[in-house]
Protein chains: 2
Amino acid sequence: MNATPRWLDPEQKVAWDHFIRMQEKLVGRLSRRVQSDSGLSAADYVVLAALTESEGGRVRFLDLTKRVEWEKSRMSHQVGRMAKRGLVAREECPEDGRGAFVVATPEGYRAIEEAAPLHVEHVRRLFIDALTPEELDTLGRLSARVLAHMEQQPD
Amino acid sequence: MNATPRWLDPEQKVAWDHFIRMQEKLVGRLSRRVQSDSGLSAADYVVLAALTESEGGRVRFLDLTKRVEWEKSRMSHQVGRMAKRGLVAREECPEDGRGAFVVATPEGYRAIEEAAPLHVEHVRRLFIDALTPEELDTLGRLSARVLAHMEQQPD
DNA sequence: CGCGAGTGGATGACGTGTCAACAATGCTTG
DNA sequence: CAAGCATTGTTGACACGTCATCCACTCGCG
């Protein structure tokens with residue numbers, strides 16, 4: 001169909017494998033942890049964190065999706081489920097008839113205030129503590145580089 | 001409930017944020033890409049890759065789960081879905097009445113042989129090309145370090 | 001031999017993510 | 001003011017992952 005593919009050379013493949021496996025295991029463990037510690041899913045945690053970091057725990061729906069870089073449909077489903085459990089509520093927006101606010105309820109605040117310290121502990125234990133401060137800094141900087149690269153790449 | 005939490009200091013938080021956002025965006029883009037390029041999900045891809053790298057495209061079920069580090073239930077569901085689409089087949093195991101083999105069908109081979117070069121291209125384009133070879137090597141090495149650290153950590 | 005423990009794997013329920021389509025409102029222009 | 005077009009958000013269908021549970025089979029031991 002097209003030119004012969006350029007496979008990764010061995011060093012590249014090793015680096016890619018390590019990165020992918022690390023990332024998967026880390027994220028997997030963290031989300032199972034936050035779930036069993038607090039009953040919040042990783043998604044719940046992200047949404048509540050974004051809400052409670054904002055004035056009044058109240059954010060316009062689309063702003064929320066941008067803040068966490070989610071698609072609106074994903075957010076809509078998530079907010080729906082969280083509303084059903086009483087963690088957040090939807091409110092109408094006076095100045096735009098289509099619009100909506102999402103608000104963290106007292107339940108929501110309670111839940112994330114309980115979950116956050118545990119979450120930080122696990123991040124520390126599984127990730128931060130694995131590296132020296134310089135290594136951590138390096139990893140952060142390389143991540144930022146990849147991020148920037150992706151942003152100016154189609155797709 | 002317990003001692004005051006030790007939050008991440010600013011450098012740590014920045015590094016963590018960059019890493020998490022990068023990883024999420026990268027994995028998200030890659031899996032949407034492989035999906036739209038080839039009709040295979042990321043999960044399909046992983047399973048087919050593991051199968052077709054093995055003698056005869058045939059692997060014992062539990063071996064397969066170990067090779068890709070998945071839980072058996074996840075694999076069972078995945079194999080079920082893939083079997084329904086004709087990408088793999090289940091075969092009984094003569095020497096263990098409980099056992100099962102998973103086999104890549106010709107369809108399965110066709111699918112991954114079509115998908116693989118495109119997948120590699122995207123990995124290259126989004127990730128490898130963002131870094132110099134030394135940086136890539138560093139990132140790989142740091143990932144391996146975190147991985148090793150997690151493995152000797154509870155949970 | 002028979003019985004209980006462990007192993008290999010499947011299943012159902014449920015929360016999650018994506019895609020495509022839709023509804024409702026706002027905006028802009030003739 | 002009316003006709004479109006863009007924006008804001010929801011919905012339904014479906015694939016995916018996890019947890020708990022279950023079943024069939026094997027193996028070891030009395």
Side-chain angles (χ1 to χ4, degrees), chain A residues 24-25 27-48 59-103 111 155, chain B residues 24-25 27-48 59-85 87-103 155:
Chain A
E24 236 177 272
K25 177 161 294 198
V27 174
R29 283 211 198 180
L30 278 176
S31 58
R32 256 163 283 148
R33 262 303 195 165
V34 68
Q35 175 81 290
S36 67
D37 282 350
S38 63
L40 293 181
S41 70
D44 298 336
Y45 187 91
V46 168
V47 170
L48 282 176
V59 180
R60 253 319 263 284
F61 183 89
L62 262 209
D63 291 348
L64 188 54
T65 69
K66 278 165 199 149
R67 217 161 298 190
V68 301
E69 304 190 84
W70 283 9
E71 294 181 17
K72 56 187 184 162
S73 143
R74 180 180 181 182
M75 185 61 77
S76 188
H77 284 300
Q78 183 66 28
V79 167
R81 287 183 300 253
M82 291 176 75
K84 195 169 305 180
R85 290 190 291 145
L87 296 169
V88 302
R90 295 192 230 244
E91 285 180 8
E92 310 196 353
C93 175
E95 65 260 20
D96 187 335
R98 310 161 287 186
F101 282 101
V102 185
V103 200
D155 241 5
Chain B
E24 237 177 273
K25 177 161 293 196
V27 174
R29 282 212 200 181
L30 278 177
S31 59
R32 257 163 281 146
R33 262 302 196 167
V34 67
Q35 175 81 291
S36 67
D37 282 350
S38 63
L40 293 180
S41 71
D44 298 336
Y45 187 90
V46 168
V47 170
L48 283 175
V59 180
R60 259 313 268 285
F61 183 89
L62 263 210
D63 291 348
L64 188 54
T65 69
K66 278 164 198 148
R67 217 161 298 191
V68 302
E69 306 190 83
W70 282 11
E71 294 180 17
K72 54 186 186 165
S73 144
R74 179 180 181 183
M75 185 61 78
S76 188
H77 284 300
Q78 183 66 28
V79 166
R81 288 183 299 253
M82 292 176 74
K84 197 171 303 179
R85 291 189 291 143
L87 296 170
V88 301
R90 295 193 230 245
E91 285 180 7
E92 310 195 355
C93 175
E95 64 260 21
D96 188 334
R98 310 160 286 188
F101 281 101
V102 185
V103 199
D155 244 3

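Residue numbers begin at 1 in each chain, while the letters A, B, ... track the order of the sequences. Excluded from the calculations below are hydrogen atoms, water molecules and symmetry mates; all remaining heavy atoms, backbone and side chain alike, are included.
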Test applied, side chain to side chain contact (heavy atoms under 4.5 Å, CB included); reference residue, A/V79; option that passes from A/M75, A/R81, A/M82, A/H77: A/M75
Along DNA chain D (nearest heavy atom to each residue), the more 5'-positioned of A/F61 and B/K72: A/F61
Rounded to whole Å, CZ of B/R60 lies from P of C/dA10 at a distance of 11 Å
So, OP1 or OP2 of D/dG17: does either fall under 4.0 Å of a side-chain N or O from B/S73? no
Of all the heavy-atom pairs spanning A/G39 and A/R85, show the shortest one and how long it is. O-NH1, 3.8 Å
Atom CD of B/E92 and atom P of D/dT26 are separated, to the nearest Å, by 11 Å
Identify the two heavy atoms, one from B/Q78 and one from B/S41, that lie closest to each other, and give their separation to 0.1 Å. NE2-OG, 4.3 Å
Short question: side chain of A/S31, backbone of A/V27 - any donor-acceptor pair under 3.5 Å? yes
Name every residue in residues 75-89 of chain A that has at least one heavy atom under 4.0 Å from any atom of DNA chain C, in order of residue number, or write none if there are no such residues. A/H77, A/Q78, A/R81
Between atom CD in B/Q35 and atom P in C/dC19, what is the gap in whole Å? 8 Å
Can you find a heavy atom in the side chain of A/F101 that is under 4.5 Å from one in the side chain of A/P94? yes
Could you run down the sub-3.5 Å N/O contacts of the protein with nucleotides 2-7 of chain D?
from	atom 1	to	atom 2	distance (Å)
D/dT7	O2	A/R98	NH1	2.6

Length of the line joining B/W70:CH2 and D/dG17:C1', which is rounded to integer Å: 9 Å
With a non-hydrogen cut-off below 4.0 angstrom, is A/D63 in contact with a base, only sugar-phosphate, or nothing? nothing
Heavy-atom donor-acceptor pair, A/D37 side chain to A/V34 backbone, under 3.5 Å: no
Would you mind telling me which of B/L64, B/V68, B/L62 makes a side chain to side chain contact (heavy atoms under 4.5 Å, CB included) with B/K66? B/L62
Starting at the 5' end of DNA chain C and moving along, which residue's nearest nucleotide shows up first, A/G97 or B/C93? B/C93
Could you state the atom-to-atom distance from CD of A/E24 to C1' of D/dC16 in whole Å? 13 Å
Judged by modelled atom types alone, do A/Q35 and A/R32 share a side-chain donor-acceptor pair under 3.5 Å? no
Between D/dC19 atom P and A/R29 atom CZ, what is the distance in whole Å? 13 Å
Closest to side chain of A/S41, choosing from D/dC16, C/dT16, D/dT10: C/dT16
Separation of D/dT8 atom C1' from A/L64 atom CG, nearest Å, is 14 Å
Below 4.0 angstrom from OP1 or OP2 of C/dG17, is there any side-chain N or O of B/R32? no
If you compare every side-chain N and O of B/R74 against the phosphate oxygens of D/dC19 (OP1, OP2), does one of them come in below 4.0 Å? no
Contact check, side chains of B/L40 and B/L87, non-hydrogen atoms, under 4.5 Å: yes
